[in-house]
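Comments concern the structure below.
In what follows, every chain begins at residue 1, and chains take the letters A, B, ... in the order their sequences are listed.
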There are 2 protein chains.
Amino acid sequence: MEEQRPAERNAVTPVVLGLLSLAPRTGYEIKQVVDRSTRNFWAASYGQIYPELRRLEAAGLIAGQDVPTGGRRRRLFRLTPAGRQALIEWLMGRETTIELRDESLLRLFFADAAPLELGLGLLEARQRGHEYQLGVLRSLAELPGNDPQFVELVLRWGIAFHEWGARWCQEERARIAAGTESAA
Amino acid sequence: MEEQRPAERNAVTPVVLGLLSLAPRTGYEIKQVVDRSTRNFWAASYGQIYPELRRLEAAGLIAGQDVPTGGRRRRLFRLTPAGRQALIEWLMGRETTIELRDESLLRLFFADAAPLELGLGLLEARQRGHEYQLGVLRSLAELPGNDPQFVELVLRWGIAFHEWGARWCQEERARIAAGTESAA
DNA sequence: TAGTGCATGTAATGCGTTACATGATTTC
DNA sequence: GAAATCATGTAACGCATTACATGCACTA
């Protein structure tokens with residue numbers, strides 16, 4: 001028996017619909033924008049994007065038109081009303097996947113197996129990682145042109161998160177160092 | 001031409017080595033511990049753990065012995081000196097993968113496509129998620145028995161992170177609500 | 001004219017989860 | 001004696017990344 005497929009969304013569906021809700025784009029452009037914006041909390045690759053664009057067009061959620069540049073073929077997609085509806089339904093969705101794979105935390109977790117200096121070094125490296133990301137995001141925020149408020153909100157989240165993370169590492173390093181002194 | 005494989009580590013290698021550095025365990029127990037500790041930042045499944053245990057034993061990094069409980073077979077693994085060395089080398093490693101897949105942030109990012117109340121609802125839902133995780137981790141922290149200091153450090157990280165995250169959501173909700181009032 | 005960027009697309013690869021199979025032991 | 005838990009193990013599945021193939025356009 002064939003299953004009914006209401007929309008059959010997958011991991012890239014919301015990214016494609018969402019980005020097209022902000023502006024019409026080609027598959028190539030979608031990938032570029034993802035790499036400069038959502039990549040840090042939601043990645044997507046060509047191998048997902050192009051098949052998904054065809055699927056969503058067949059489902060009537062997006063509409064593509066050929067807009068060649070000279071002899072170079074180019075297909076621009078825009079969101080249809082049905083697509084906007086699907087996006088909003090996803091926004092209202094209940095279940096929410098959140099997954100983290102953080103090797104830096106894993107190293108910290110097992111740092112008791114090595115001398116204390118190694119653990120302190122891990123904390124310092126983690127702090128530097130936060131500070132680096134902070135630099136990237138801050139330069140993004142300083143770029144001219146104002147984003148929609150929730151896009152800007154998420155950028156602010158990233159900045160605040162890395163600020164917090166760097167501070168936390170700093171404080172814990174001081175804490176451990178202080179504990180070592182009194183024990184010595 | 002056959003490649004030289006120095007250790008051929010994969011994603012579960014450090015978890016297995018690390019957990020066995022704390023205590024000898026069976027594959028089943030490793031899975032249990034992972035699900036109660038590292039799962040939130042580094043997951044592992046049976047399909048990875050059991051093959052990896054055999055692989056690591058063949059490589060001499062861990063040693064298994066049969067310790068049946070009555071007629072139920074049971075194989076306990078412990079770290080060898082070579083395994084401890086491999087763990088420390090991983091701890092000193094330079095490249096560090098950090099990946100996040102956070103559908104809640106993705107929804108926020110695209111919330112401009114819907115009425116403002118929906119975006120505020122997303123922030124509130126995110127805050128509740130943080131508060132829920134906070135409850136889980138706090139009850140973990142209150143459990144008797146003291147963990148090694150870096151294990152405890154990572155638990156503190158989780159608690160501090162969710163405290164920060166909940167506070168951030170709260171503040172941004174207030175911020176947006178204030179902005180709406182003055183605009184009205 | 002060589003190299004980079006725009007643009008589309010797919011095949012192969014690798015990996016992790018899910019689901020299932022098996023069987024013993026403990027608990028209610 | 002039924003259900004839950006301990007314990008091991010693997011096959012199938014789904015999914016995402018990587019890598020490659022193709023070809024045009026721009027620029028140094």
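- Residues meeting the salt bridge (charged side-chain N to carboxylate O under 4.0 Å, His left out) test with A:Arg25, sequence neighbours left out: none.
- Remark: P of C:dA7 and CG of A:Asp66 are 13 Å apart, rounded to the nearest angstrom.
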Would you list the atom pairs, donor with acceptor, under 3.5 Å between side chains in residues 81-94 of chain A and any protein atom, with sequence neighbours excluded?
unit_1	atom_1	unit_2	atom_2	d
A:Gln85	NE2	A:Glu89	OE2	3.2
A:Trp90	NE1	B:Glu103	OE2	2.8

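- Along DNA chain C, the nucleotide nearest A:Arg74 and the nucleotide nearest A:Pro51 are compared for position; the residue whose nucleotide lies closer to the 5' end is A:Arg74.
- With side-chain heavy atoms closer than 4.5 Å counting as contact, directly or through intermediates, the hydrophobic cluster containing B:Val67 also holds B:Leu76.
- With sequence neighbours excluded, the residues that form a side chain to side chain contact (heavy atoms under 4.5 Å, CB included) with B:Gln32 are B:Tyr28, B:Arg36, B:Tyr46.
- In the region residues 21-32 of chain A, proximity to DNA chain D at under 4.0 angstrom, judged on heavy atoms, holds for none of the residues.
- A salt bridge is absent between B:Arg128 and B:Glu131; no separation between the charged side-chain nitrogens and carboxylate oxygens falls under 4.0 Å.
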- Just by protein heavy atoms under 4.0 Å, how would nucleotides 12-28 of chain C read 5' to 3' in B, S and -? ----SBB----BBB---
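- Through direct or indirect side-chain contacts shorter than 4.5 Å among Ile, Leu, Val, Met, Phe, Trp and Tyr, A:Leu134 is connected to A:Leu137, A:Leu140, A:Leu143, A:Leu155, A:Ile159.
- We find that CG of A:Asp35 is positioned 11 Å from P of D:dT18, with the value rounded to whole Å.
- Evaluation of the ring pair (Phe, Tyr, Trp, His ring centres under 6.0 Å) test over residues 53-77 of chain B, restricted to residues two or more places apart or in two chains, returns none.
- When rounded to the nearest whole Å, the span between CZ of A:Arg39 and C1' of D:dA16 equals 16 Å.
- For residues 132-158 of chain A, the pairs satisfying salt bridge (Lys or Arg N to Asp or Glu O under 4.0 Å) are A:Arg138-A:Glu163, A:Glu152-A:Arg156, A:Arg156-B:Glu172, with sequence neighbours left out.
- Take A:Asp35 and apply the side chain to side chain contact (heavy atoms under 4.5 Å, CB included) test, not counting sequence neighbours, and it matches A:Lys31, A:Arg39.
- One atom, CD of A:Glu52, and another, P of C:dT8, lie 15 Å apart when rounded to the nearest Å.
- Checking side-chain atoms of A:Thr80 against main-chain N and O of A:Gly60 turns up a donor-acceptor pair under 3.5 Å.
- Note on residues 114-138 of chain B: pairs passing ring pair (Phe, Tyr, Trp, His ring centres under 6.0 Å), not counting sequence neighbours, are B:His130-B:Phe161, B:His130-B:His162.
- Over its length, the helix from C:dT1-D:dA28 to C:dC28-D:dG1 turns its helix axis by 30°, as judged from the five terminal pairs at each end, rounded to 10°.
- Between the CZ atom of A:Arg75 and the C1' atom of D:dC24 there is a distance of 18 Å, given to the nearest Å.
- With rounding to whole Å, A:Leu53 atom CG is found 8 Å from C:dG9 atom P.
- Rounded to whole Å, atom C1' of D:dA21 lies 14 Å from atom OH of A:Tyr50.
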